[in-house]
J.: 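Structure in structure tokens, see below.
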Amino acid sequence: MKQLLQWTIIIPALAWILFFSGLVDNSSFFQVVASILLILSVMSAVHHSEIIAERVGEPYGTIILAISITVIEVSIIVSLMLSEGSEAASLARDTVYAATMLILNGIIGLCLLIGGLKHYEQNFSVSSVTIGLVSLVSIIVFTLVFPTFTESVKGSYYSLPQLVFASIACLVIYGSFLFAQTSRYRQYFLTVGDDENEDAVEPIPIDNKTFYTSLVFLIISLGIVVLLAKTLSPTIESIIVSYHLPKTLVGVVIAAIILLPEAIAAIIAARKNRLQTSINLALGSALASIGLTIPSVAVVCIMMDMPIILGLDIKSIVLLALSVFTVMLSLSKGKSNIVYGVVLLVNLFAFVFLMIYP
């Protein structure tokens, strides 16, 4: 009974009740309440995924967390595209691009800055970073850059064969990354510095009842997040438009909501001098965000005969290239530095600023 009274179980249940009550549609007050429950449900989903991850062990923990976040992202994008049709043709691109920029500049930048301020210098495995970044660069180019320059279809689109090829390429690359992380080169992702686990505590044993409860409520939390995000998206868009801001900010807001609990988990790990875990979370999430989202959205678009805009404009490509290049240099030596964190956060502010003032 005590387990059923935890906030991570009560909150998703309340969110489901509010959603089916119909009060969210016509009341600003209940829309605010729904927004709060949405964020708390995302955190609940991550909490349950962490319990499951504790049971299955690392590096599977970071993988489960990344895939859970990606399921939320894919579900929201697909549901919005199905409801809005061609008007949401660029939503997948905008959300994936925003998520990538937030992860590379925001999450990694904050982890390097906060971890560096507390611990001066932190160690991590260069090999794991190299594997992650090599995979990420290839996926980024296939999905967000090439469509701008291909000639088969006019505009930032892929032709059907090109879209199928890019989707398969993403899945192959992400699958190879998972194979390296979980099997062939697993030790790279577990490598830590001499003092990295100074604040570590003994893992808490997870019994079967807790494990299966978390498994059920992970699914319940993911489901209500998708439904509430879809319900609240018109409100978010209307607020953004009312302030004469670009609609592309909708993708940034969605990505920020989705990535919030993951960012918190990564920052907490950095504060505990476990920067390797933070980097595993960040790069794994970036790869899952693109490598799983684009193929999933592509399947829906092909089946429903819907257009999908993938290619970025030149300014966005330059900003994305700057972010990837800065992360590469920042993580090339296996030791953190607060200057790297500051530069990455400046890149993030430039991304948001140039979106508002293009």
J.: Can you label the angle between the Tyr97 ring and the Phe351 ring as parallel, tilted or perpendicular, going by 30° and 60°?
T.: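 Perpendicular: the ring planes of Tyr97 and Phe351 meet at over 60°.
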J.: Indicate yes or no for a side-chain donor-acceptor contact from Ser27 to the backbone of Leu23 under 3.5 Å, with no hydrogens or angles considered.
T.: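 No, the answer is negative, given that no donor and acceptor are paired below the 3.5 Å cut-off.
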J.: Under a 3.5 Å distance rule, please check whether Ser289 uses its side chain to pair with a backbone N or O of Ala286 as donor and acceptor.
T.: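 Checked: no pair found.
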J.: Using a 6.0 Å distance limit plus a 45 degree cone around the ring axis, check whether Arg184 lies over the aromatic ring of Phe179.
T.: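 Pair Arg184/Phe179 does not count as cation-pi.
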J.: With hydrophobic residues grouped by side-chain heavy-atom distances under 4.5 Å, do Val129 and Leu113 end up in a single group?
T.: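 No, separate clusters.
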J.: Distance from Ile302 atom CD1 to Ile308 atom CD1, nearest 0.5 Å?
T.: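 Ile302 CD1 to Ile308 CD1: 9.0 Å, rounded to 0.5 Å.
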J.: CD1/Ile338 to CG/Leu345 distance, rounded to the nearest 0.5 angstrom?
T.: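 Reported value, rounded in 0.5 Å steps: 11.5 Å.
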J.: Examine distances only and state if a side-chain atom of Thr95 and a backbone atom of Ala92 form a donor-acceptor pair shorter than 3.5 Å.
T.: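 Side chain of Thr95 to backbone of Ala92: no pair is present.
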J.: For Ser41, run the side-chain contact (heavy atoms from CB on, under 4.5 Å) check against Leu222, Thr8, Ile224 and tell me which one passes.
T.: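 Only match with Ser41 under side-chain contact (heavy atoms from CB on, under 4.5 Å): Ile224.
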J.: May I ask whether Phe20 and Phe217 are part of the same hydrophobic cluster, defined by side-chain heavy atoms of I, L, V, M, F, W, Y residues being less than 4.5 angstrom apart, directly or through others?
T.: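 Phe20 and Phe217: one cluster.
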J.: Apply side-chain contact (heavy atoms from CB on, under 4.5 Å) to the pair Thr130 and Val134, showing each step before the final yes or no.
T.: CA-CA 6 Å; Thr130 303; Val134 165; 4.1 Å; yes
J.: Strictly by modelled atom types, are Thr210 and Asp207 linked by a side-chain donor-acceptor pair under 3.5 Å?
T.: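 Result is yes, a qualifying pair exists.
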J.: Do Val33 and Ile36 pass the side-chain contact (heavy atoms from CB on, under 4.5 Å) test, and can you show the C-alpha distance, the side-chain angles, and the key distance before you say yes or no?
T.: CA-CA 5 Å; Val33 174; Ile36 296 172; 5.8 Å; no
J.: Do Trp7 side-chain atoms and Ser44 backbone N/O form a donor-acceptor pair below 3.5 Å?
T.: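 It does not hold such a pair.
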J.: Of all the heavy-atom pairs spanning Leu91 and Ile77, show the shortest one and how long it is.
T.: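 So the minimum-distance heavy-atom pair works out to CD2-O, 4.1 Å.
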J.: Report, as yes or no, whether the 6.0 Å neighbourhood of atom NZ on Lys333 holds more than 12 heavy atoms from other residues, nucleotides or ligands.
T.: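 No.
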J.: Would you check if the side chain of Ser278 reaches a backbone N or O of Ala270 as a donor-acceptor pair within less than 3.5 Å?
T.: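 Checked: pair present.
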J.: Is Val327 linked to Leu320 within one hydrophobic cluster, defined over Ile, Leu, Val, Met, Phe, Trp and Tyr using a side-chain heavy-atom separation of less than 4.5 Å?
T.: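 Same cluster: Val327 reaches Leu320 through Ile, Leu, Val, Met, Phe, Trp or Tyr contacts under 4.5 Å.
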J.: With distance as the sole criterion, is a donor-acceptor pair present between the side chains of Ser152 and Gln162 under 3.5 Å?
T.: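 Result is yes, a qualifying pair exists.
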J.: Is there a path of hydrophobic side-chain contacts, each under 4.5 Å between heavy atoms of I, L, V, M, F, W or Y residues, that connects Leu18 with Val42?
T.: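 Linked within one cluster.
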J.: For Phe142 and Ile173, what are the C-alpha separation, side-chain angles and deciding distance, and is it a side-chain contact (heavy atoms from CB on, under 4.5 Å)?
T.: CA-CA 11 Å; Phe142 279 132; Ile173 293 172; 4.2 Å; yes
J.: Check the angle between the aromatic planes of Tyr185 and Tyr188 and answer parallel, tilted or perpendicular using the 30° and 60° thresholds.
T.: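 Parallel.
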J.: Answer yes or no: is there a donor N or O on one side and an acceptor on the other, between the side chain of Arg271 and the main chain of Lys118, under 3.5 Å?
T.: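 Not a single qualifying donor-acceptor pair exists.
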J.: Given the rule in the side-chain contact (heavy atoms from CB on, under 4.5 Å) test, do Leu275 and Cys111 qualify, once you have shown the distances and angles that lead to the verdict?
T.: CA-CA 7 Å; Leu275 188 59; Cys111 289; 4.1 Å; yes
J.: Assess whether side-chain hydrogen bond (donor to acceptor under 3.5 Å, both in side chains) is satisfied between Asp313 and Ser316, documenting all intermediate values.
T.: CA-CA 5 Å; Asp313 57 34; Ser316 298; 2.8 Å; yes
J.: Can you list the steps and then say if Ser323 with Asn347 is a side-chain hydrogen bond (donor to acceptor under 3.5 Å, both in side chains)?
T.: CA-CA 7 Å; Ser323 301; Asn347 288 349; 4.6 Å; no
J.: Taking atom types as modelled, is there a side-chain donor on Asn208 or Arg55 under 3.5 Å from an acceptor on the other?
T.: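 A pair is found: one side chain offers a donor N or O, the other an acceptor, under 3.5 Å apart.
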J.: Ignoring hydrogens and geometry, is there a side-chain-to-backbone donor-acceptor pair from Lys315 to Leu354 under 3.5 Å?
T.: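 Yes, because the side chain of Lys315 sits within donor-acceptor range (under 3.5 Å) of the backbone of Leu354.
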J.: Does Leu249 share a hydrophobic cluster with Ile309, counting links as ILVMFWY side-chain heavy atoms below 4.5 Å and allowing steps through other members?
T.: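 Per the 4.5 Å side-chain linkage, Leu249 and Ile309 are not co-clustered.
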J.: Do side-chain atoms of Ser128 reach the backbone of Ser125 as a donor and acceptor pair under 3.5 angstrom?
T.: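 Indeed, once roles are kept as given, a pair shorter than 3.5 Å links the two residues.
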J.: Between Glu121 and Ser336, do the side chains contain an N or O donor and an N or O acceptor separated by less than 3.5 Å?
T.: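 Not at all, the side chains of Glu121 and Ser336 share no donor-acceptor pair under 3.5 Å.
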J.: Please confirm whether the backbone N or O of Leu312 pairs with a side-chain atom of Thr148, one donor and one acceptor, at under 3.5 Å?
T.: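 The answer is yes, because a donor-acceptor pair under 3.5 Å joins these two groups.
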